[in-house]
Amino acid sequence: MALPHSTTASLPQRGDRGFPFAAAAAAAAAAAAAAGQAPPRPRPAAAMQFMLLFSRQGKLRLQKWYVPLSDKEKKKITRELVQTVLARRPKMCSFLEWRDLKIVYKRYASLYFCCAIEDQDNELITLEIIHRYVELLDKYFGSVCELDIIFNFEKAYFILDEFLLGGEVQETSKKNVLKAIEQADLLQEKTETMYHSKSFTGFKKAY
Amino acid sequence: MVVPSLKLQDLIEEIRGAKTQAQEREVIQKECAHIRASFRDGDPVHRHRQLAKLLYVHMLGYPAHFGQMECLKLIASSRFTDKRVGYLGAMLLLDERHDAHLLITNSIKNDLSQGIQPVQGLALCTLSTMGSAEMCRDLAPEVEKLLLQPSPYVRKKAILTAVHMIRKVPELSSVFLPPCAQLLHERHHGILLGTITLITELCERSPAALRHFRKVVPQLVHILRTLVTMGYSTEHSISGVSDPFLQVQILRLLRILGRNHEESSETMNDLLAQVATNTDTSRNAGNAVLFETVLTIMDIRSAAGLRVLAVNILGRFLLNSDRNIRYVALTSLLRLVQSDHSAVQRHRPTVVECLRETDASLSRRALELSLALVNSSNVRAMMQELQAFLESCPPDLRADCASGILLAAERFAPTKRWHIDTILHVLTTAGTHVRDDAVANLTQLIGGAQELHAYSVRRLYNALAEDISQQPLVQVAAWCIGEYGDLLLAGNCEEIEPLQVDEEEVLALLEKVLQSHMSLPATRGYALTALMKLSTRLCGDNNRIRQVVSIYGSCLDVELQQRAVEYDTLFRKYDHMRAAILEKMPLVERDGPQADEEAKESKEAAQLSEAAPVPTEPQASQLLDLLDLLDGASGDVQHPPPLDPSPGGALIHLLDLPCVPPPPASCSVTQAGVQWRDLGSLQPLPPGFKLFLCLSLPSPGLSSHPRSQSV
């Protein structure tokens with residue numbers, strides 16, 4: 001997949017407050033107050049709340065949640081957000097306000113990459129995060145397209161987990177991320193051959 | 001017969017091959033049944049494959065909760081393939097709401113102490129994604145140990161896991177605070193990034209930690225400076241900017257440390273200036289760093305010159321061709337407009353340019369910012385731009401724009417005429433989107449500007465003649481024509497082209513409003529009352545008006561019917577009082593409804609308190625006193641000038657003796673009507689005569705005018 005930067009943007013949504021994150025933050029603040037500490041600045045649980053990948057038909061291809069929500073809530077959020085983002089026209093900017101979150105999204109070929117960040121986060125650097133992730137996928141799969149992500153969704157997750165951890169960037173060097181994935185894949189292969197050859201001699205350090 | 005289980009890829013192919021939703025559901029249900037059976041049988045070899053299939057199905061939206069225990073078994077297995085899928089499953093299917101999640105704590109503990117890096121990585125990743133407070137408490141010692149491990153791969157993950165733990169269990173801050181100082185000396189970017197994130201989290205949670213970490217500001221400045229002056233590095237640079245992720249994170253921490261602290265802010269000033277001027281802004285990465293720098297400058301106690309530099313950078317962003325950057329600039333300027341008003345004012349022309357954006361989210365921001373930038377010196381130019389915008393803006397912005405313009409006009413109007421013109425223009429362009437009190441405000445304004453009565457009524461008449469669909473405009477116009485109809489017909493006015501208006505035309509227009517299906521009931525009420533008032537302002541005989549009034553006496557709308565019947569009665573039985581009742585209104589207090597109510601109530605009280613049918617002096621003076629109070633209460637009341645004695649005297653004389661039929665000459669003239677005060681000599685209104693005096697008062701609650709108690 002050539003990585004065309006097609007910027008899309010749309011109307012900001014001034015949705016209702018009282019979103020589950022706000023409730024979670026309120027609960028956290030109450031807990032801290034009960035523990036006798038100075039009340040923390042009201043912050044939801046993570047910098048990046050979640051990342052969704054979905055196709056132009058609205059089919060979900062990857063979902064990574066960094067906040068604890070019930071399955072029902074996740075489904076509801078996904079459905080609404082997908083609808084909102086898909087309704088945007090091609091020439092609009094990549095940011096929109098949805099409920100009490102900022103949404104940063106970008107379309108690469110037939111896939112929408114959509115991240116939800118907090119109010120005080122930098123939207124432009126989130127665009128860079130999305131772009132870096134796409135580059136990693138591209139390097140790993142060799143000219144990645146949507147089908148690669150459909151048929152190898154676990155790999156897509158593994159790569160994301162080497163780049164982001166708990167909603168924060170963990171490794172800024174492309175080389176190191178790809179090396180880590182390679183090592184993990186190698187280890188997997190080794191254990192498979194060992195397992196199947198039934199000559200299991202125990203694990204060794206990967207690198 | 002054992003059916004060999006499908007491989008993941010094959011299942012995906014089959015699902016994608018399904019032509020309908022029902023077919024897909026069938027395939028998936030069949031496969032899930034197999035998977036459930038396989039889980040029951042406990043096949044260890046293919047368990048990871050079954051779970052992978054289940055996870056795929058879960059992503060499509062189907063239930064997968066029966067796979068939760070399998071995740072645990074897979075994580076506990078010693079095979080790396082199993083662990084990989086098992087941990088992925090745990091992150092997708094388990095979370096702190098399920099009791100089962102605590103069962104993986106032990107497996108994670110084992111994996112963390114095992115020493116195989118990919119496995120440790122998996123465990124840390126899972127812990128930081130779905131780790132609950134209990135898990136975090138249990139595993140904190142393990143993670144702490146890993147912070148000191150030699151391998152950077154595990155350390156960077158451990159640091160970010162610590163960040164997550166602190167978010168879940170703030171007490172663990174004390175555990176993770178000591179290692180930070182040492183970690184800051186690392187050269188590995190991943191570890192640095194993680195450490196800075198950790199310090200940021202600690203500082204945001206506790207003021208004590210904030211004070212503690214203020215002493216590392218020089219070190220942070222040094223790190224950032226090295227980054228900025230470092231040359232190109234293939235590993236970390238993005239379009240000429242070295243490691244923008246790390247730069248942005250450092251800037252963020254500096255912002256938190258420098259907030260409200262002179263000393264730290266001073267240490268950072270040079271560096272921030274350097275970053276602001278040297279960053280390559282041709283691509284998004286550089287702009288991201290620059291944006292973070294601007295945010296930091298605005299938040300700390302920076303030098304004045306630096307603040308101006310920051311606002312100018314935002315101004316430059318506004319001219320950028322990239323829409324995203326313009327959006328970000330508009331949002332930031334909106335945050336700054338209160339604190340650095342003059343600096344933002346300098347960029348007013350660019351902001352106004354942004355109103356013309358095609359992207360609605362950008363034009364909305366530009367609108368908010370433009371409204372915030374209006375002040376008394378630029379109000380005319382800005383209003384012109386905003387009015388042009390109002391004509392072409394998308395419908396959901398209309399209401400905001402209209403109310404913004406009206407508010408700004410109220411605050412900064414240079415002249416009353418300009419104010420009236422502006423409101424007129426808004427009502428004509430976006431009448432349906434204005435707030436309810438716009439009508440009341442406009443009538444208040446017009447009523448108060450006596451020199452502009454002729455001008456207003458003429459303009460309103462012209463506007464009404466063109467278009468009777470915009471309800472607020474029609475209401476105001478009807479009221480004005482009713483009140484100042486005589487000025488309209490008089491034909492001369494310096495400020496506007498002379499226009500010959502015929503009486504019949506005016507009446508025809510009002511009748512058109514009455515009959516139009518576009519008119520709201522309230523509007524009809526206005527029109528009917530206006531017609532009634534014109535009966536005293538116009539010179540002709542009132543047959544046409546009387547006709548209309550009697551027709552509406554059988555109107556289906558109760559409100560209109562009541563008014564029409566009462567007006568009809570006024571014509572037939574109380575014609576001698578008609579002139580006085582329908583004379584021009586004095587100005588009412590601005591906070592309209594209360595004063596209106598009070599005025600009405602006191603008038604009612606005045607009438608009720610009248611005992612004797614014939615007005616005696618003391619009672620008249622009592623009434624006068626009450627009315628005095630009224631006059632005093634309603635601030636800047638403009639008294640219409642008193643009539644010259646003879647007609648006025650004749651009127652008073654007439655009204656002294658209610659049973660005397662009125663002389664023929666009287667009704668029409670009332671150029672300025674009797675002084676309000678003189679109504680004191682009026683008898684109390686006959687019973688059953690509802691309170692009309694307040695008819696002409698437009699109240700904000702338009703749909704039904706308040707009814708007095710029946711006497």
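Lettering of chains follows the sequences in order, A, B, ..., and the numbering in each one begins at 1.
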Below 4.5 Å from any heavy atom of chain A, which atoms of B:Glu357 appear? Answer side chain, backbone, both or neither.
-> neither
Parallel, tilted or perpendicular: rings of A:Phe95 and B:Tyr327 (30°, 60°) | tilted
For chain A, the option from B:Asp95, B:Leu160, B:Ile159 that forms the most heavy-atom pairs under 4.5 Å = B:Leu160
Interatomic distance, CD1@A:Ile150 vs OH@B:Tyr56, rounded to 0.5 Å, equals 6.0 Å
Residue, of B:Met91, B:Met130, B:Gln249, that accumulates the most heavy atom pairs under 4.5 Å with chain A | B:Met91
Turns out that what part of B:Arg84 lies under 4.5 Å from chain A's heavy atoms comes down to both
Kindly check if the number of other-residue, nucleotide or ligand heavy atoms within 6.0 Å of CZ (A:Arg56) is above 12?
-> no
Run the side-chain contact (heavy atoms from CB on, under 4.5 Å) check on B:Glu292 and A:Ile125 step by step: do they pass?
-> CA-CA 9 Å; B:Glu292 195 72 32; A:Ile125 206 76; 5.9 Å; no
Only counting residues at least two apart or in another chain, list the ones meeting ring pair (Phe, Tyr, Trp, His ring centres under 6.0 Å) with A:Phe141.
-> none
What pair of heavy atoms forms the shortest contact from A:Glu123 to B:Val328, and how long is it?
-> OE1-CG2, 3.9 Å
Euclidean distance, B:His58 NE2 relative to A:Asp71 CG, rounded to 0.5 Å | 5.0 Å
Residue set satisfying ring pair (Phe, Tyr, Trp, His ring centres under 6.0 Å) with B:His189, at least two apart, ordered chain then number -> B:His236
Output for pair (B:Asn324 CG, A:Lys106 NZ), nearest 0.5 Å, gives 7.5 Å
Distance, nearest 0.5 Å, that separates CD of A:Gln170 from CG of B:Leu124 | 9.5 Å
Is it true that B:Arg16 and A:Glu146 make a salt bridge, defined as a side-chain N closer than 4.0 Å to a carboxylate O?
-> no
Choice from B:Leu11, B:Leu92, B:Thr358 maximising heavy atom contacts with chain A below 4.5 Å | B:Leu92
Interface moiety of A:Lys174 toward chain B, non-hydrogen atoms closer than 4.5 Å = backbone
dist B:Thr197:OG1 -> A:Leu165:CG (nearest 0.5 Å) comes out at 10.5 Å
Point-to-point distance, once rounded to the nearest 0.5 Å, from CG of A:Leu124 to CG of B:Leu290 = 9.5 Å
Where do A:Glu154 and B:Leu8 come nearest, in terms of heavy atoms and distance?
-> OE1-CD2, 3.8 Å
Okay, B:Arg155 and chain A: the region with an atom under 4.5 Å from a heavy atom over there is neither
Which of B:Arg252, B:Lys157, B:Arg167, B:Lys156 passes salt bridge (charged side-chain N to carboxylate O under 4.0 Å, His left out) with A:Glu168? Answer is B:Arg167
Under 4.5 Å from a heavy atom of chain A, the part of B:Glu235 involved = both
Taking every heavy atom of A:Gln63 against every heavy atom of B:Met59, the minimum-distance pair comes out as NE2-CA, 4.2 Å
Nearest heavy-atom neighbours spanning A:Leu187 and B:Pro118 | CD2-CG, 3.7 Å
Let me know if A:Ser70 has heavy atoms under 4.5 Å from chain B in its side chain, its backbone, both or neither.
-> both
Which region of B:Asn284, side chain (C-beta onward) or backbone (N, CA, C, O), has a non-hydrogen atom less than 4.5 Å from a non-hydrogen atom of chain A, or is it both or neither?
-> both
Might you confirm whether atom NZ of A:Lys75 has over 12 heavy atoms from other residues, nucleotides or ligands at distances under 6.0 Å?
-> yes
A:Pro68 to B:Lys168 - nearest heavy-atom pair and separation = CG-NZ, 3.7 Å
Under a 4.5 Å heavy-atom cut-off, does chain B meet the side chain of A:Leu160, its backbone, both or neither?
-> neither
Heavy-atom side-chain contact between B:Phe245 and A:Arg132 under 4.5 Å | yes
Answer key: most heavy-atom pairs under 4.5 Å with chain B among A:Glu189, A:Gln188, A:Glu171 is A:Gln188
Evaluate whether atom NZ of A:Lys74 has more than 12 neighbouring non-hydrogen atoms of other residues, nucleotides or ligands under 6.0 angstrom away.
-> yes
Any ion pair linking B:Arg365 and A:Glu97 (charged N to carboxylate O, less than 4.0 Å)?
-> yes
Tell me, for A:Phe153 versus chain B, whether the close heavy atoms (under 4.5 Å) come from the side chain, the backbone, both or neither.
-> side chain
For B:His188 and A:Asn176, which heavy atoms make the closest approach, and how far apart are they?
-> NE2-ND2, 3.7 Å
Give the member of B:Val85, B:Leu88, B:Leu295 that has the highest number of heavy-atom pairs under 4.5 Å with chain A.
-> B:Leu88
When the 4.5 angstrom heavy-atom criterion is applied to A:Arg61 and chain B, the contacting part is both
